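The structure under discussion appears below in the form of structure tokens.
Lettering follows sequence order; numbering is per chain, from 1. Please read these numbers as outputs of a predicted model, since none were measured by experiment. As a basis for the values below, the full set of heavy atoms in this structure was taken, side chains included, without hydrogen atoms, waters or symmetry mates.
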Number of protein chains: 2
Amino acid sequence: MRRDSRLSRMLHVLIHMDRHYKRATSETISKMLGTNAVVVRRTMAGLRDSGYVRSEQGHGGGWELARGLDQITLFDIYEAIGKPPLFAIGPSVDQPECLVEQAVDAKLGDALKEAEALLLERLRTITIADIAADFDRRMPEGRCNIHTEQSASA
Amino acid sequence: MRRDSRLSRMLHVLIHMDRHYKRATSETISKMLGTNAVVVRRTMAGLRDSGYVRSEQGHGGGWELARGLDQITLFDIYEAIGKPPLFAIGPSVDQPECLVEQAVDAKLGDALKEAEALLLERLRTITIADIAADFDRRMPEGRCNIHTEQSASA
DNA sequence: ATCATTTGTAACAAGATAGGTTACGTGTCT
DNA sequence: AGACACGTAACCTATCTTGTTACAAATGAT
Ligand code: FES
Ligand code: FES
């Protein structure tokens, strides 16, 4: 698999839980995301540990939101899934002896750090509620074709 | 292997060729980078096709610069190695049906595009000569500990 | 001409990581 | 007691960069 899609997936799930279900099982969520229930538990474990969702075991259990979407930024979720690396390029060795290599890494690192800072600042600024608001603009009825067709349970 | 280090490596090689050798074989370069000669040929093939270096086969052959370092930007090299993906995160599916997912990808994509634009703009601005100048500031004598020790040929 | 040197390239192995799958344990409601 | 649902470990798969082996082709030296 290529790019880490956990952030994107978790945002999807949280909006889904806010708009469609108050409580959802890993099984339901996995159908929605087109993946496996274990993957859902594994990924959402981070969100639970960070206090954004609650999970309950046993009969009637599942996942539910622990706070409003306007109280969660994209950075919060990025952090909750373990701050995976943002960039796919970088230096070859960590502590290069060669001074040319040090100069290369410093200059390239500066550019990467700038871009990273900008990206993280954006993630900090945007709340999940902002994305949900965008969704409302795209589909005023608030319908999700996948949910309304109940194909998730098929 | 984790992050794509080709850009960093190629910058290193080009400065190396400018400062230390006029012509270098893949074998020599591979020792310098701590890798294999075939990897060097494979990666530098892109630079050759883009006109930044020349290669010559046979006895006495090898690689040499085709233009000055002030005529090559970091973006040029990034492009020459095939514009590998810059980010390690992204959406899970390309054309999501779910409208929530579309909204997520749009918002997250905007942030990523902004960061990408900033990064590419930096890469376009910085020439390899700029990095070489930084190297001169770090080590005014212009010595490379690896080269001077001749450990590359050991 | 022959041989050593060096690039060009294909084919395959290795290492890393995200994701998928199976299995089983634990808690909870009926 | 039994069904349901999370928790977690273990293992497999897919994909990508990098490393390695092997061999062909070109070029200069002898
Ligand atoms: S919100 Fe996208 S499948 Fe439910
Ligand atoms: S310039 Fe870094 S090893 Fe030569």
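- Listed by chain and number, the hydrophobic cluster partners of Leu118(B) are Leu118(A), where partners are ILVMFWY side chains within reach of under 4.5 Å, directly or through others.
- Atom pair Leu7(A):CG and dG19(C):P shows a separation of 11 Å (rounding to whole Å applied).
- Between the P atom of dT17(C) and the CD1 atom of Ile89(B) lies a distance of 17 Å, rounded to the nearest Å.
- Taking only side-chain nitrogens and oxygens, Ser26(B) comes nearer than 4.0 Å to OP1 or OP2 of dT7(C).
- Across the protein-nucleic acid pair, Asp49(A) atom CG and dC6(D) atom C1' stand 13 Å apart, rounded to whole Å.
- Using a 3.5 Å distance cut-off with no hydrogens or angles, the side chains of Thr25(A) and Trp63(A) do not pair a donor with an acceptor.
- We find that CD of Glu64(A) is positioned 14 Å from C1' of dA5(D), with the value rounded to whole Å.
- In this view, Ser5(A) and Arg9(A), Ser92(B) satisfy the side-chain contact (heavy atoms from CB on, under 4.5 Å) rule, not counting sequence neighbours.
- Whole-Å rounding puts the Glu27(B) CD to dT7(C) P distance at 9 Å.
- The ring-ring contact (aromatic ring centres under 6.0 Å, His included) check on Phe87(A) picks up Phe87(B), with sequence neighbours excluded.
- If you take CE of Met44(A) and C1' of dT8(D), they are 17 Å apart, rounded to a whole angstrom.
- Taking atom NZ of Lys31(A) as the reference point, atom C1' of dA5(D) lies 13 Å away to the nearest angstrom.
- Taking 4.0 angstrom as the limit, Arg23(A) places none of its side-chain polar atoms (N or O) nearer than this to OP1 or OP2 of dA5(D).
- Nucleic acid contact class of Arg9(A) (heavy atoms, under 4.0 Å, all strands): sugar-phosphate only.
- Take the nearest nucleotide of DNA chain D for Pro84(B) and for Arg48(A): the residue whose nucleotide is more 5' is Arg48(A).
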Expected string for nucleotides 20-30 of chain D under the B/S/- scheme (protein heavy atoms, under 4.0 Å, primed atoms plus P, OP1, OP2 as sugar-phosphate) is BBB---BBS--
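- Remark: Asp110(B) engages no residue in a side-chain contact (heavy atoms from CB on, under 4.5 Å) (not counting sequence neighbours).
- The shortest distance between the side-chain N/O atoms of Thr25(A) and the OP1/OP2 oxygens of dA5(D) is not below 4.0 Å.
- Phosphate proximity of dA18(C) to Arg3(A): absent, as no side-chain N or O sits under 4.0 Å from OP1 or OP2.
- Take Ser50(B) and apply the side-chain contact (heavy atoms from CB on, under 4.5 Å) test, not counting sequence neighbours, and it matches Tyr52(B), Ala80(B).
- Below 30°, between 30° and 60°, or above 60°: for Tyr78(A) and Phe75(A) the angle between ring planes is between 30° and 60°, a tilted geometry.
- The separation between Lys83(A) atom NZ and dA18(C) atom P is 16 Å, rounded to whole Å.
- Residues Ser5(A) and Trp63(B) both approach DNA chain C. Their nearest nucleotides, taken by heavy-atom distance, put Trp63(B) toward the 5′ side.
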